[in-house]
Q: 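This structure is in structure tokens; I'll ask about it shortly.
In this text, all values refer to a predicted model and were calculated from it rather than measured experimentally. Counting from 1, the numbers follow the sequence of the chain as shown.
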Amino acid sequence: QDVVRVYAGEEATCALHRDGMVACWGRTGPWPMERCPSGPGLGACVRAPDHAVMEAAVRDKHVPRPMPGLNNVEMMAVGSSFYCALRSNGEVLCGGENTLGQLAQKHVNPVTGIVKAMVPEDAVHIAASSWSACSVHRSGEVWCWGALPQVPGQSGTDRGPTLVQGLPQATQVAVGSLHACARVEGG
């Protein structure tokens, strides 16, 4: 009833509610043990041998579940087993898998829970593809992270957030599997 937008990724979907809260269903990444889904039709979480936490034996992934820690959200971007949320204060939060740097950290180590993206805290737009995401900021800058190849300024092994060089002031971004495009001011 109070859902204002729905965002779909490869394996998950999230609903943004009028009050800025978020509920998701499907696979949104490895669930921390304390947040394992439970209840009728849901299985349990187990710890994988490589110490990554993953959901297992979930029989019904069609049950929306509130995403703790996501509040005051204005926009979501959902990839394959990860998601990012743009809060009303311009902060970007991400959660889920980080194997390719999808959570905008300066590493690709597993992360438990929702983390603050390491980008400026004045984002106005976000977008994601399967394994990558980008944010547009008040200044018109575009920052990208994850598995996008050849982001200007990013080395092949650096998956952390990188400022895209040489773009005019951007207002919006769209991210594909192997590329990203920005809508620039005046066009």
Q: Please check if Val124 and Val164 belong to a single hydrophobic cluster, counting links between Ile, Leu, Val, Met, Phe, Trp and Tyr side chain heavy atoms closer than 4.5 Å.
A: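 They do share one cluster, since a chain of ILVMFWY contacts under 4.5 Å joins Val124 to Val164.
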Q: With clusters built from Ile, Leu, Val, Met, Phe, Trp and Tyr whose side-chain heavy atoms come within less than 4.5 Å, directly or transitively, what are the remaining members of the cluster of Met118, listed by chain and number?
A: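 Cluster partners of Met118: none, it stands alone.
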Q: Using every non-hydrogen atom in the two residues, find where Val142 and Leu167 come nearest and quote the distance to one decimal.
A: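 The pair with the smallest heavy-atom distance is CG2-CD1, 3.7 Å.
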Q: If you take all heavy atoms of Leu93 and Gly69, which pair is closest and at what distance?
A: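 Looking at all heavy atoms of both residues, the closest pair is CD1-O, 3.9 Å.
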Q: Give, for atom CZ of Arg138 and atom NE2 of His125, the distance between the pair rounded to the nearest 0.5 Å.
A: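 It comes to 14.5 Å.
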Q: Can you tell me how far CG of Leu163 sits from CD of Glu141, rounded to the nearest 0.5 angstrom?
A: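 So the gap between those two atoms works out to 5.0 Å.
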Q: Where is the tightest heavy-atom contact between Ser139 and Asp122, given as atom of each residue plus distance?
A: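 Answer, listing the atom of Ser139 first, then Asp122: N-OD2, 4.2 Å.
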Q: Please round to the nearest 0.5 Å and tell me the distance separating atom OG1 of Thr112 and atom CG of Asn98.
A: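 So the OG1 of Thr112 and the CG of Asn98 are separated by 10.5 Å.
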Q: Taking all atoms of both residues into account, what is the closest heavy-atom pair of Ser88 and Glu74, and its distance?
A: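 Distance-wise, the nearest heavy atoms are CB-OE2, 3.3 Å.
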Q: Measure the OG-CD distance between Ser81 and Glu11 for me, rounded to the nearest 0.5 Å.
A: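 Here the interatomic distance stands at 6.0 Å.
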Q: For Arg183, I'd like to know if atom CZ has over 12 heavy atoms of other residues, nucleotides or ligands within 6.0 Å.
A: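 12 or below, so no.
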Q: Looking at Trp145 and Trp143, what are the two nearest heavy atoms and their distance?
A: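 Heavy-atom minimum between the residues: CZ3-O, 3.6 Å.
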Q: Could you tell me which residues satisfy side-chain contact (heavy atoms from CB on, under 4.5 Å) with Ala8, sequence neighbours excluded, listed by chain and number?
A: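 Here the qualifying residues are Thr13.
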Q: Pairs in or reaching into residues 92-135: which pass disulfide (SG to SG under 2.5 Å), with residues at least two apart or in two chains?
A: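 Those involving residues 92-135 are Cys84-Cys94, Cys134-Cys144.
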Q: Which heavy atom of Phe82 sits nearest a heavy atom of Glu97, and at what distance?
A: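 It is CB-O, 3.8 Å.
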Q: Report the residue from Leu70, Val6, Val4, Asp2 that forms a side-chain contact (heavy atoms from CB on, under 4.5 Å) with Leu16.
A: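 For Leu16, the side-chain contact (heavy atoms from CB on, under 4.5 Å) test succeeds with only one of Leu70, Val6, Val4, Asp2, which is Val4.
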